[in-house]
Number of protein chains: 2
Amino acid sequence: MPYTTKQRQAILTCLAQRRAELLSVSELASALRDIGSPVGLATIYRQLEKLEETGHIHKVNTEEGAFYQYCDHGESDRDCFLLKCEGCGRILHLDCSHLKPLYEHLEQEHHFVIDSRATMFSGLCDVCAAQRKEETHGSK
Amino acid sequence: MPYTTKQRQAILTCLAQRRAELLSVSELASALRDIGSPVGLATIYRQLEKLEETGHIHKVNTEEGAFYQYCDHGESDRDCFLLKCEGCGRILHLDCSHLKPLYEHLEQEHHFVIDSRATMFSGLCDVCAAQRKEETHGSK
DNA sequence: TTGCGTGCAAAGGTTTTGCATGGCA
DNA sequence: TGCCATGCAAAACCTTTGCACGCAA
């Protein structure tokens, strides 16, 4: 492990505590400010790059920009399944046993190896789907 | 179909002719200049957004920024499944009967409605997977 | 003490926006 | 004629870089 500075520590801790979410750099910056450990933007970018290289975190590029996620070192054979709601913009995590068989099928039959940590399913969460359905019925 | 302007036409033609590649906005702009149909940057961005909405092209967000690719899949109400190769960056289309049941499961059990046109599976295509495997064996 | 990490501010690049103009239906 | 698309330039953003200083090993 390289240097351990309090900034690096704070960044990693912050991401670890909110491991269920994907954080943008600005969200991370304000989260750090909120817990009383403000870190300069340049430092955040530099540390995130290093943390990604060392496998501590994962970077996800989306339509809305880059997001960072704590990486559970546990050799994550667990199905990590990301759902992005197009309605409210939130990113949900899901453990679902139906995924692995599908991925195996894709690999064996279609010769494509899925990277589940980088795969983001887009759609609507229950709240937004219900809301949209209501709107459709409601007017016009 | 909305207006068909020569700029829109030029952009789509340019992407179609180079459908094997992913083009960045600046690459697209200079390609348009090269064929004698220069288009303003703002217009390119605005048309790309529309072309993406109508399903004519794909937008790919990568580490190196956004890229655009012509979509061969046409209008089709058929289920269009997208695979993005992290190795070569290309987007592959796939018709696979295993996906629909999964999506139904997600909707019924996890209350998440998948938007298959917006969902991009990330991973490695057969070529890149083989290459990577080779590299791993080869050195170190 | 040494060298990497930090913060600030400036630079760089990309994408969006405002507004007057132009062209298709 | 009425709209929408266009082009330009400015603005807004995000990310990187240069440099002097600070702090962990």
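Owing to the predicted nature of the structure, the values given are computational and were not obtained by experimental measurement. The sequence lines fix the lettering, A, B, ..., with proteins before strands; numbering per chain opens at 1.
A salt bridge is absent between B:Glu49 and B:Arg46: the closest approach of a Lys/Arg side-chain nitrogen to an acidic carboxylate oxygen does not fall below 4.0 angstrom. A salt bridge between B:Glu53 and B:Lys50 is absent, with no side-chain N of the basic residue lying under 4.0 Å from a carboxylate O of the acidic one.
Across the protein-nucleic acid pair, A:Glu64 atom CD and D:dC14 atom C1' stand 15 Å apart, rounded to whole Å. The interatomic distance linking B:Glu53 (CD) with D:dA5 (P) rounds to 11 Å, in whole Å. Atom C1' of nucleotide D:dA5 and atom CG of B:Leu48 are separated by 14 Å, given to the nearest angstrom.
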Going 5' to 3' through nucleotides 6-19 of chain C and flagging B where a protein heavy-atom sits under 4.0 Å of the base, S where only the sugar-phosphate is that close, and - otherwise, we get BBB-----SBBBB-
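Linking ILVMFWY residues whenever their side-chain heavy atoms come closer than 4.5 Å, directly or via other members, leaves B:Phe67 and B:Leu12 in distinct clusters.
Under the 30°/60° scheme for interplanar angles, the aromatic rings of A:His105 and A:His110 are found to stand perpendicular.
Taking A:Glu52 as the reference, nothing meets the salt bridge (charged side-chain N to carboxylate O under 4.0 Å, His left out) condition, with sequence neighbours excluded.
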